[in-house]
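Okay, so here's the structure we're looking at.
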Amino acid sequence: MSDTTLAKGYEPVDVEARWLSFWAESGAGTADPDADGDPFSIVIPPPNVTGTLHMGHALNLTVQDILCRHMRQLGRKVLWVPGTDHAGIATQNVVERALAKEGSSRHELGREAFIERVWEWRKEYGGKILNQIRRMGASVDWTRERFTMDEGLSKAVREVFVRLYEEGLIYKGDYIINWCPRCQTALADLEVEHSPKKGALYQLRYVLADGSGELIVATTRPETLLGDTAVAVHPEDERYAAFVGKMVKLPLVGREIPVIADAYVDREFGTGALKVTPAHDMNDFDLGRRHNLEILQVMDGEGNMNAAAGAAYQGLSREACRKKVVEDLKEQGLLVSVEEHDHSVGECYRCKTVVEPHVSPQWFVKAGPLAEVARAAVETGRTQIYPEQWTTTYYHWLDNIRDWCISRQIWWGHRIPAWTCQACGKLIVARQDPAACDCGGALQQDPDVLDTWFSSALWPFSTLGWPDKTPELKAFYPTSVLVTAFDILFFWVARMMMMGLHFMDEVPFRHVYIHALVRDAEGKKMSKSTGNVIDPLIMIDKFGTDALRFTLTAFAAMGRDIKLSEERIEGYRHFVNKLWNAARFSLMNLPQELPGVPLDGELPLHHAWILHRLEEMKQATSAAIQDYRFNEAAQGLYSFLWLEFCDWYLEAAKSDLSGEDEAAKAQAQQCLWTVLSELLVLLHPIMPFVTQEIWSHLPGHAQKDISKVPYPAARPQHVKPQAVAMMSLLQEVVVSVRNIRSELSISPALKLDCLVRTADPADLAMLRDNERLITLLARLGSFTAGPDVTAPKASASAAAGGNAVFVPLAGAVDFDAELARLNKELAKTAKEAEIVARKLANEDFTAKAPAEVVAKEREKDEMLRGKVAKLEELKGRIETLKS
RNA sequence: AGGACCGUAGCUCAGGGGGAGAGCACUUGCUUGACACGCAAGGGGUCAGGAGUUCAAAUCUCCUCGGUCCUACCA
């Protein structure tokens with residue numbers, strides 16, 4: 001497989017396809033519960049089966065994959081469970097739309113045939129998203145893929161439902177819930193989205209039945225007056241004290257309803273008198289229960305007025321009814337005023353229809369006791385949330401939690417395991433479908449299904465086989481970390497916490513990592529309707545998976561949203577290509593058989609320096625990934641590869657690789673191979689494909705699958721911080737020559753000479769040792785360093801540290817240009833020197849600041865003084881020459 | 001109403017008590033033996049504003065202004 005030539009540019013398409021099938025065949029992600037090593041496990045946030053991959057998924061998958069791949073490198077036993085969610089309402093809507101196109105409907109098909117149809121749909125489209133997960137390079141365990149409607153997971157759902165019912169934590173009752181008249185189903189509070197709407201505030205006249213006065217009430221929904229069963233005022237409101245206990249005549253209807261007193265009423269709002277419609281308003285419902293008011297429904301499930309609304313209004317839609325009611329009131333002189341009023345209106349999160357509060361028999365989970373435990377688990381640190389700021393949000397939601405409505409009047413989902421006896425009316429909740437009631441009566445199963453999030457809440461343990469006692473459950477629960485975006489913190493994370501703690505007696509995950517939301521370049525949330533979606537697959541086809549993954553990683557700073565644009569991904573493709581070309585160059589200079597030179601003892605500066613920096617990168621990269629600082633890992637590797645490895649090390653190594661010194665050449669090959677190999681392993685979790693492709697061409701590796709290569713061990717003998725200081729002096733000398741060349745417009749082709757005068761023995765030794773290197777990097781004809789180097793008359797000069805750098809110029813020197821150049825550098829350096837000097841002059845600083853800070857400042861002071869002095873001297877020299 | 005986050009180079013953003021950074025864009029010069037998806041050298045900042053804590057503040061605290069988002073309520 002080893003091959004020393006690579007194509008000139010990196011072409012991701014073939015490479016990715018090749019390694020995807022390689023990893024699929026080798027079962028790269030397959031976990032072994034009995035293997036050695038500390039377990040590390042993640043369950044994927046299951047995307048909707050019928051959905052397609054969006055950028056949020058792409059980021060989510062990238063983060064999880066980096067963690068999993070890195071943990072494998074560290075020798076952990078890793079399980080990453082993939083899967084999908086049945087997304088009840090959303091999926092049912094999609095299939096219903098398809099049916100509508102065919103001129104059919106679910107009612108025409110009937111329940112069983114419809115469900116059959118959804119399964120077919122799932123079979124056809126459910127594979128799409130899984131394939132997209134594959135394309136992202138996600139190293140999940142495909143042998144353990146799950147779907148929320150699988151047999152095993154359905155069993156878990158039923159077990160949980162029955163147990164919660166037996167424990168009194170699930171109950172059924174007639175309550176007011178959010179109802180979507182279009183989807184024809186109940187919605188949980190969370191599934192209602194509020195958006196501000198322009199509306200009107202109507203003031204209506206309610207006349208006392210005994211004719212002794214009138215009350216003006218304010219309302220935004222005049223049509224609901226048909227269902228009013230009281231008028232409420234604040235008990236301490238003097239304006240209305242006399243009215244309490246009396247009856248008023250309901251306008252248009254004529255029914256007499258009581259005036260009640262309740263502290264809920266806000267005296268400041270409107271007129272301070274509130275019409276009470278228990279059947280059609282959440283707060284009125286509570287009010288009605290407190291005062292034993294009749295619950296009068298005047299609307300049906302489709303949002304149309306029913307018989308109870310009266311003959312004049314029956315059959316009208318809620319919108320039409322409002323118009324007619326207002327007209328009728330106006331006619332009768334009962335409409336006092338109409339003013340504009342902005343308020344927020346609840347909409348169905350799936351279809352955006354205005355939600356109608358609706359009283360109906362529903363199933364609820366008593367959330368309080370579960371929430372308390374879920375809160376405590378985070379408080380005591382059993383589960384940690386990253387970034388930490390989200391814990392406040394998590395607490396706040398749990399502290400104000402209301403019972404969770406879990407029944408949905410749709411067909412696609414887990415059917416509620418409850419039966420009512422047609423004979424005696426007994427309610428049976430059971431694990432196994434019962435045949436008949438004890439009384440012998442026939443049973444009818446509850447037609448409703450469960451909220452999709454009910455099954456999602458069990459995901460961390462249901463996917464591992466619960467309620468059976470499986471090896472997976474034993475080895476991998478609790479999972480290590482949950483990776484998700486904040487928008488499902490309540491929907492999903494909090495509920496998994498509740499269920500996991502209740503049924504497993506242990507948190508579902510040790511950590512929760514909340515990552516960014518991916519937005520468009522303007523910071524708007526990407527959505528199909530706005531048309532600002534960037535399709536990850538199109539980006540993958542265009543720039544490659546690695547470029548996309550690296551982009552997302554580099555921008556994935558904790559607690560921040562990502563503004564993504566195509567140009568950015570394109571930019572990181574250049575980085576992938578840079579790596580490719582660095583490898584290409586390396587391979588051109590590496591033999592098939594590694595020389596096997598040991599890299600110890602005193603090494604030439606550039607080798608010692610890059611090996612030291614590599615040690616730092618190894619330490620920093622792993623630490624950053626384990627702390628969820630993915631952007632730091634990516635940015636560190638980016639600048640190491642580009643600005644250090646490519647710009648300096650490879651250039652420096654050219655002097656060895658193309659030279660005649662065979663020993664130096666062999667040593668350089670060994671060092672280059674070592675750094676490149678380990679760098680590939682470091683980059684692999686972020687960019688699996690390109691690193692694998694290069695790896696497969698590199699000689700000397702028995703393990704051809706880079707995903708199986710352990711993280712490189714630390715080499716303490718290569719930690720040499722002095723090498724960094726020496727290398728930066730070398731760089732400073734080289735840069736100063738390049739600067740002279742550039743600013744004095746000297747052709748790059750022209751070889752210059754360079755002389756350095758230095759009083760420092762260590763600097764001198766280094767400069768002399770690296771003559772060949774400096775000559776190459778600065779494109780010199782000759783290089784001389786010494787303690788008493790004299791400056792040729794016609795020469796440009798610069799300061800490198802406290803050393804003088806001279807570049808003799810063949811022709812006439814432009815003294816003015818040279819002076820300007822030196823002055824610029826002097827001004828910059830003098831400014832820095834002054835800041836440091838001022839600091840050191842401050843006695844408080846030298847007395848109170850930590851010793852190492854003061855020492856560092858003194859060192860800096862010395863260096864800057866030296867440089868300033870040198871620049872002044874050089875400047876003086878030019879001035880003398882000029883005159 | 002309550003809460004969270006953000007304001008740093010033209011743009012997008014890192015950093016988070018001790019030398020103001022990156023990418024892109026910009027200027028200049030380059031067929032330098034992997035790379036023009038490139039190389040080299042540059043220009044560019046009141047770290048939103050104000051006050052405080054500190055020997056030292058872009059960084060911590062408070063206030064003001066501007067922006068984003070979440071939760072709740074809105075008869």
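Throughout, protein chains are lettered first and strands after them, A, B, ... in sequence-line order, and every chain is numbered starting at 1. Hydrogens, waters and symmetry mates play no part in the numbers below; they use all other heavy atoms, side chains included.
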Would you kindly give the CD-to-P distance between A:Glu193 and B:A72, to the nearest whole Å?
12 Å
Is the shortest side-chain N to carboxylate O distance from A:Arg290 to A:Asp286 below 4.0 Å?
no
Report the distance from atom CG of A:Leu489 to atom C1' of B:C5, rounded to the nearest whole Å.
15 Å
With a 4.0 Å cut-off on heavy atoms, is A:Lys8 in touch with a base, just the backbone sugar-phosphate, or nothing at all?
sugar-phosphate
Which nucleotide in B:G19, B:C37, B:A34 has an atom nearest any side-chain atom of A:Asn577
B:C37
Given B:A4, B:C55, B:G42, identify the nucleotide with an atom nearest to the side chain of A:Glu743.
B:G42
Output the distance between atom OG (A:Ser677) and atom CG (A:Leu590), rounded to the nearest 0.5 Å.
8.5 Å
Would you say the side chains of A:Glu193 and A:Tyr349 form a donor-acceptor pair under 3.5 Å?
no
Indicate, yes or no, whether a donor-acceptor pair under 3.5 Å links the base of B:C37 to the side chain of A:Lys578.
no
Carboxylate-amine/guanidinium contact A:Arg821 A:Glu825, below 4.0 Å:
no
Whether each nucleotide of nucleotides 21-29 of chain B has a protein heavy atom under 4.0 Å at its base (B), only at its sugar-phosphate (S) or at neither (-) is summarised, 5' to 3', as --S------
Residues A:Tyr206, A:Asp228; criterion side-chain hydrogen bond (donor to acceptor under 3.5 Å, both in side chains); working and verdict
CA-CA 11 Å; A:Tyr206 283 38; A:Asp228 282 3; 2.7 Å; yes
Taking only the side-chain nitrogens and oxygens of A:Lys860, find out if one of them lies under 4.0 Å from OP1 or OP2 of B:G19.
yes
A:Ile401 has an atom CD1; how far is it from atom C1' of B:A72, in whole Å?
14 Å
Options B:A4, B:A41, B:A34, nucleotide nearest the side-chain atoms of A:Asn739
B:A41
Which part of the nucleic acid, if any, lies within contact of A:Thr392, taking any heavy atom under 4.0 Å across all strands shown: a base, the sugar-phosphate backbone alone, or nothing?
nothing
Checking contacts here: which listed nucleotide (B:C55, B:G18, B:C70) is nearest the side-chain heavy atoms of A:Val853?
B:G18
Checking ring pair (Phe, Tyr, Trp, His ring centres under 6.0 Å) between A:Phe490 and each of A:Trp404, A:Tyr395, A:Trp397, which is the one that passes?
A:Trp397
As a test of reading the structure: which of B:A34, B:A40, B:G43 is closest to the side chain of A:Asp647, going by heavy atoms?
B:A40
Report the distance from atom CZ of A:Phe585 to atom C1' of B:G38, rounded to the nearest whole Å.
15 Å
Can you identify which nucleotide, out of B:A34, B:A14, B:A41, has its nearest atom closest to the A:Arg738 side chain?
B:A41
Of A:Trp492, A:Tyr394, A:Trp390, the one forming a ring pair (Phe, Tyr, Trp, His ring centres under 6.0 Å) with A:Phe486 is A:Trp390
Separation of B:C70 C1' from A:Phe491 CZ (nearest whole Å)
13 Å
A:Lys654/A:Glu651 ion pair, N-O < 4.0 Å:
yes
Using atom CE of A:Met282 as one end and atom P of B:A72 as the other, report the distance to the nearest whole Å.
12 Å
Is the NZ or CZ atom of A:Lys578 both under 6.0 Å from the centre of the six-membered ring of A:Phe645 and within 45° of that ring's axis?
no
Kindly say whether, by distance alone, the side chain of A:Glu651 makes a donor-acceptor pair under 3.5 Å with the base of B:A34?
yes
Do A:Tyr638 and A:Tyr572 have ring centres separated by under 6.0 Å?
yes
In dot-bracket notation, what is the pairing pattern of RNA chain B, taking Watson-Crick (N1-N3 plus N6-O4 or O6-N4) and G-U wobble (N1-O2 and O6-N3) contacts under 3.5 Å, with [ ] crossing and | for other strands?
(((((((..((((....[..)))).(((((.......))))).....(((((..]....))))))))))))....
Of the listed B:A34, B:U12, B:G18, the closest approach to the A:Phe845 side chain comes from B:G18
From B:A34, B:C73, B:G15, nucleotide with atom closest to A:Glu632 side chain:
B:G15
To the closest 0.5 Å, what do you measure between CG (A:Leu840) and CD1 (A:Ile835)?
12.5 Å
Atom pair CZ/CE of A:Arg573 and A:Met539 - distance to nearest 0.5 Å:
11.0 Å
Using only side-chain N and O atoms of A:Asn581, determine if any of them is under 4.0 Å from OP1 or OP2 of B:C37.
no
Answer with base, sugar-phosphate or nothing: what part of the nucleic acid does A:Tyr264 contact at a heavy-atom distance below 4.0 Å?
sugar-phosphate
Going by the angle between their ring planes, with limits at 30° and 60°, are A:Phe575 and A:Phe550 parallel, tilted or perpendicular?
tilted
At 4.0 Å (heavy atoms only), tell me whether A:Val217 reaches a base, stays on the sugar-phosphate, or touches nothing.
nothing
Starting at atom CD of A:Glu732, determine the distance to atom C1' of B:A41, rounded to an integer number of angstrom.
15 Å
Does a side-chain N-to-carboxylate-O contact under 4.0 Å join A:Lys860 and A:Glu857?
yes
Regarding A:Ile835, tell me which of base, sugar-phosphate or nothing describes its non-hydrogen contacts under 4.0 Å with the strands shown.
nothing
What residues from residues 267-279 of chain A pass a heavy-atom cutoff of under 4.0 Å to RNA chain B?
A:Phe269, A:Leu274
Distance in angstrom units between A:Ile514 CD1 and B:C70 C1', rounded:
13 Å
Measure from the side chain of A:Lys839, starting at C-beta and using heavy atoms only, and say which of B:G18, B:C70, B:A34 lies closest.
B:G18
